[in-house]
Chemist: 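What follows is a structure written as structure tokens; I'll ask about it next.
Keep in mind that the numbers below use all heavy atoms, side chains included, and drop hydrogens, waters and symmetry copies. Given the structure is predicted, the values throughout are model-derived calculations rather than measurements.
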Amino acid sequence: IDLRPESTFWVKLLDILVPFVYDNLTTCGDPTVESAWTITILSPSLSWLDEPSVLHDATLALTRRMLIYPYWRNFDFAMLVWKTTMELLSSGVHAVIKALLTTRTILEKSESYYVGNKIFVD
């Protein structure tokens, strides 16, 4: 895995983690029946198979999606999601893997979003 800042690894990781953090903050850590929709609609890769190739494009796409699609459309909340995501990334590999596994579980239980789970999360 290429861990340089310009690597696509970070873009793909953020594309899954940011929607997870958004859902985690809005549901207080208890996924609901709408969690799969929220994660999928916020992620460009999961919703339209559109993978941003540069970190800057990914941050813009994810922030725009946080301001357009979900129930809570607030710029300050979007910045809180980014701050929490950075805290999650800095808390170590175990926290990131736990978040990815939780995302996988949420999407796996969905009738219509499990395909994106197979393509991008697995």
Chemist: Report, as yes or no, whether the 6.0 Å neighbourhood of atom CZ on R73 holds more than 12 heavy atoms from other residues, nucleotides or ligands.
Modeler: yes

Chemist: Under 4.5 Å between side-chain heavy atoms, hopping through other hydrophobics if needed: is there a path connecting L100 to V93?
Modeler: no

Chemist: Rounded to the nearest 0.5 Å, how far apart are CZ of F75 and CG of L80?
Modeler: 12.0 Å

Chemist: Answer whether the closest heavy-atom distance between the side chains of T102 and N24 falls below 4.5 Å.
Modeler: no

Chemist: Please tell me if the side chains of L42 and D23 come closer than 4.5 Å, counting only heavy atoms from C-beta onward.
Modeler: no

Chemist: With a 4.5 Å cut-off on side-chain heavy-atom distances among I, L, V, M, F, W and Y, is there a chain of contacts connecting M79 to L89?
Modeler: yes

Chemist: Are L14 and L55 packed together at the side-chain level, in the sense that at least one heavy-atom pair is separated by less than 4.5 angstrom?
Modeler: yes

Chemist: Check whether any side-chain heavy atom of I16 sits under 4.5 Å from a side-chain heavy atom of R104, and report yes or no.
Modeler: no

Chemist: Do T84 and L25 have side chains that get closer than 4.5 Å, going by heavy atoms?
Modeler: yes

Chemist: Side-chain heavy atoms nearer than 4.5 Å, only ILVMFWY residues, links allowed to pass through others: does that put F9 and M86 together?
Modeler: yes

Chemist: Within this structure, what is the OG1-CH2 distance for the pair T38 and W72, rounded to the nearest 0.5 Å?
Modeler: 11.0 Å

Chemist: Rounded to the nearest 0.5 Å, what separation is found between the OG atom of S110 and the CD atom of E34?
Modeler: 10.0 Å

Chemist: Can you name the nearest heavy-atom pair linking A99 to L88, along with the distance?
Modeler: CB-CD2, 3.9 Å

Chemist: Is it true that W82 and T63 share a donor-acceptor pair across their side chains at a distance under 3.5 Å?
Modeler: yes

Chemist: Any idea which heavy atoms bring T59 and H56 closest together, and the distance?
Modeler: OG1-O, 2.8 Å

Chemist: Are the side chains of R65 and V18 in touch, meaning some heavy atoms are under 4.5 Å apart?
Modeler: no

Chemist: Out of I41, N74, V81, which residue meets the side-chain contact (heavy atoms from CB on, under 4.5 Å) rule with M66?
Modeler: V81

Chemist: Side-chain contact test, heavy atoms from C-beta onward, threshold under 4.5 Å: evaluate it for F77 versus T26 and give yes or no.
Modeler: yes

Chemist: Of all heavy-atom pairs between P31 and S35, which one has the smallest distance, and what is that distance?
Modeler: CA-OG, 3.3 Å

Chemist: Is the backbone N or O of W37 less than 3.5 Å from a side-chain atom of T40, with the two atoms forming a donor-acceptor pair by type?
Modeler: no

Chemist: CG of L101 to CD of E108: how many Å apart, nearest 0.5 Å?
Modeler: 10.5 Å

Chemist: Measuring from T27:OG1 to Y22:OH, what's the distance to the nearest 0.5 Å?
Modeler: 10.5 Å

Chemist: Taking the side chain as every heavy atom from C-beta outward, state whether P19 and L62 have any pair of such atoms under 4.5 Å apart.
Modeler: yes

